[in-house]
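Per chain, numbering begins at 1; letters A, B, ... match sequence-line order.
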2 protein chains.
Amino acid sequence: MPRTPTVSPDRILQVAAREFADRGYAGARVDRIARLARVNKAMLYYHFGSKKALYRALLLQVFSHAGQRLTAIADGPGPADRKIHDVIGAMGAFVAEHAFFPAIMLREVADGGVHLDRETLAALAALPLTVGAIVRQGVAERTLRPLNPIAAYFTMFAPIVMFMTGAPLRGQLTSRQLVDMSKLPPERFVEQLQESIRLAFTAR
Amino acid sequence: MPRTPTVSPDRILQVAAREFADRGYAGARVDRIARLARVNKAMLYYHFGSKKALYRALLLQVFSHAGQRLTAIADGPGPADRKIHDVIGAMGAFVAEHAFFPAIMLREVADGGVHLDRETLAALAALPLTVGAIVRQGVAERTLRPLNPIAAYFTMFAPIVMFMTGAPLRGQLTSRQLVDMSKLPPERFVEQLQESIRLAFTAR
DNA sequence: GTCTATACTTCGATAGAC
DNA sequence: GTCTATCGAAGTATAGAC
């Protein structure tokens, strides 16, 4: 996966990812995406048709990739408590590779999915579905305590998504000397979360 | 606190809360806020000066209120593990009273605080500061296990904020029969989170 | 304090030549 | 596939009468 794709559509998607993550659907500017991707606007519309279609193409791609990571773990062997640990780690790794992902996820939650079609929503739905499957496995095999799958999904993923998205805001609060929120690298946050979720979810 | 304030500025703030929560700063429309608040646009600008000033006034108000709730608990008597439980409950109650709050919080995290001034950022900073104080108390008195205060803050609040904000998206996923995420009322989610955080944070 | 009308800007999208 | 030029809609904000 090259850092600077030579093909226009790929380069557009890459720039669009940052633009939509940083500014949201309403705040994103097609002009800016085209300029940063070094294509003119007409070219962008030629490839994607509309701002909304570009947004959907991007989200479908990223949600599908994220879903595949989780599904691979859920469908693999091993006890559910181990899978929970691995799934949190996989999400942390996915965010490390795709820094724009958590902000997009956050914004789509806030927007209520209004810009998405059924296909993109289905790709998004794979995430809670996969976690739900692991939780049900764990409760059945008694490696996890009885948990509501939806509650478990939010309890394990919301912290990672909000922490990763919140880096710029933490930077502002820290640099303005309002709170010092600078001393926790992402990898350590993931470890701490894994430990908290292990204590919270494991049957005993 | 009347449901339909008679004074224009109050009514504008109330409508603006829903508009900014539903659509974000960039997506919010001053025209729509004015129309729904039954004032004309010139009146809105007369009272608040600009879209940004209106946004800041709203966020300053809501962050201050939320911060006061938490501070009251943190400064009160009792062991820290109990305060953690109460603070989660207080946040759940605050959201029940101000349904727009979690979406605003989520969007501001994603926007990186770019629309806020120092005063509003300070009001926001009170939240992690207060949780940090409770965590430090608990670690000192050995009612909580050693925890990074920042990690603790995100672990306990991110789930509540994302779950509450995500109601419309869950509704879409459920009604389109992609996942059934409809069977978990907010109060039960808060209880489940309190139990998970108790297990995750308590020293033993 | 309240209104109508409008100035000014920006945005998404397209026409049409090459 | 690629470009320049531009259109029409929509947005924030204000002027100026009452």
Side-chain angles (χ1 to χ4, degrees), chain A residues 2 4-60 103-104 107-108 110-111 113-117 120, chain B residues 2 4-60 103-104 107-108 110-111 113-117 120:
Chain A
T4 312
T6 46
V7 187
S8 296
D10 288 355
R11 228 172 38 233
I12 292 169
L13 277 175
Q14 187 171 298
V15 171
R18 276 259 56 95
E19 177 77 2
F20 285 122
D22 290 346
R23 305 174 190 264
Y25 181 82
R29 297 293 169 250
V30 175
D31 279 293
R32 187 162 35 216
I33 294 172
R35 180 167 44 83
L36 294 176
R38 304 192 310 276
V39 302
N40 60 60
K41 223 180 353 175
M43 203 65 245
L44 187 151
Y45 279 98
Y46 172 79
H47 282 302
F48 292 95
S50 70
K51 179 182 182 181
K52 185 174 289 185
L54 170 59
Y55 185 69
R56 286 177 179 171
L58 170 67
L59 265 65
L60 182 61
I104 297 240
R107 293 188 188 274
E108 205 42 55
D111 284 343
V114 287
H115 312 107
L116 305 184
D117 52 10
T120 313
Chain B
T4 312
T6 45
V7 187
S8 297
D10 287 357
R11 227 171 39 231
I12 292 168
L13 278 175
Q14 187 171 300
V15 172
R18 276 258 59 92
E19 178 76 3
F20 285 121
D22 290 347
R23 305 178 189 263
Y25 181 81
R29 296 294 169 248
V30 175
D31 279 296
R32 188 161 34 216
I33 295 173
R35 181 166 42 81
L36 294 177
R38 302 194 311 279
V39 303
N40 61 61
K41 228 185 338 181
M43 202 65 243
L44 187 152
Y45 279 98
Y46 173 79
H47 282 302
F48 290 96
S50 71
K51 181 183 181 179
K52 186 175 288 184
L54 169 61
Y55 184 69
R56 287 177 178 171
L58 170 67
L59 265 65
L60 181 61
I104 297 243
R107 293 187 189 274
E108 204 44 51
D111 284 342
V114 288
H115 311 108
L116 305 186
D117 52 10
T120 313

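Between B/Ala53 and B/Phe48, the closest heavy-atom pair is CB-O, 3.0 Å. Residues B/Ala103 and B/Ala21 approach most closely at CB-O, 3.5 Å, considering heavy atoms. B/Glu108 and B/Val114 get closest at one heavy-atom pair: OE2-N, 4.0 Å.
When the side-chain nitrogen and oxygen atoms of B/Asn40 are compared with OP1 and OP2 of C/dC3, one or more of them lie within a distance under 4.0 Å. Of the side-chain N and O atoms in A/Arg29, none sit less than 4.0 angstrom from OP1 or OP2 of C/dT10. OP1 and OP2 of C/dT14 both lie 4.0 Å or more from every side-chain N or O belonging to A/Tyr45.
Between B/Phe48 atom CZ and C/dG1 atom P the separation is 12 Å, expressed in whole Å. To the nearest angstrom, P of C/dT4 lies 15 Å from CG of B/Leu44. Straight-line distance from the CG atom of A/Leu54 to the P atom of C/dA13: 10 Å, rounded to whole Å. In this entry the distance linking CE of A/Met43 with P of C/dA13 reads 16 Å, nearest Å. To the nearest angstrom, C1' of D/dT6 lies 13 Å from CG of A/Asp31. Between B/Tyr55 atom OH and D/dT12 atom P the separation is 14 Å, expressed in whole Å. Rounded to whole Å, the distance from CZ on A/Arg35 to P on D/dC3 is 16 Å. Residue B/Lys51 contributes atom NZ, which lies 14 Å from atom C1' of C/dT9 at whole-angstrom precision.
Nucleic acid contact for A/Ala28: sugar-phosphate only, since backbone atoms but no base atoms lie under 4.0 Å from a heavy atom of the residue.
Positionally, the nearest nucleotide of DNA chain D for A/Tyr46 lies more toward the 5' end than for the other of A/Tyr46 and A/Lys41. Both A/Arg32 and A/Ala42 lie close to DNA chain C; mapped to their nearest nucleotides by heavy-atom distance, the more 5′-ward contact belongs to A/Arg32.
The side chain of B/Ser8 lies closest to C/dT2, out of D/dT14, C/dG12, C/dT2.
Between the side chain of B/Lys52 and the backbone N or O of B/Tyr25 there is no donor-acceptor pair closer than 3.5 Å. Put simply, the side chain of B/Arg107 gets close to the backbone of B/Asp22: a donor and an acceptor are under 3.5 Å apart.
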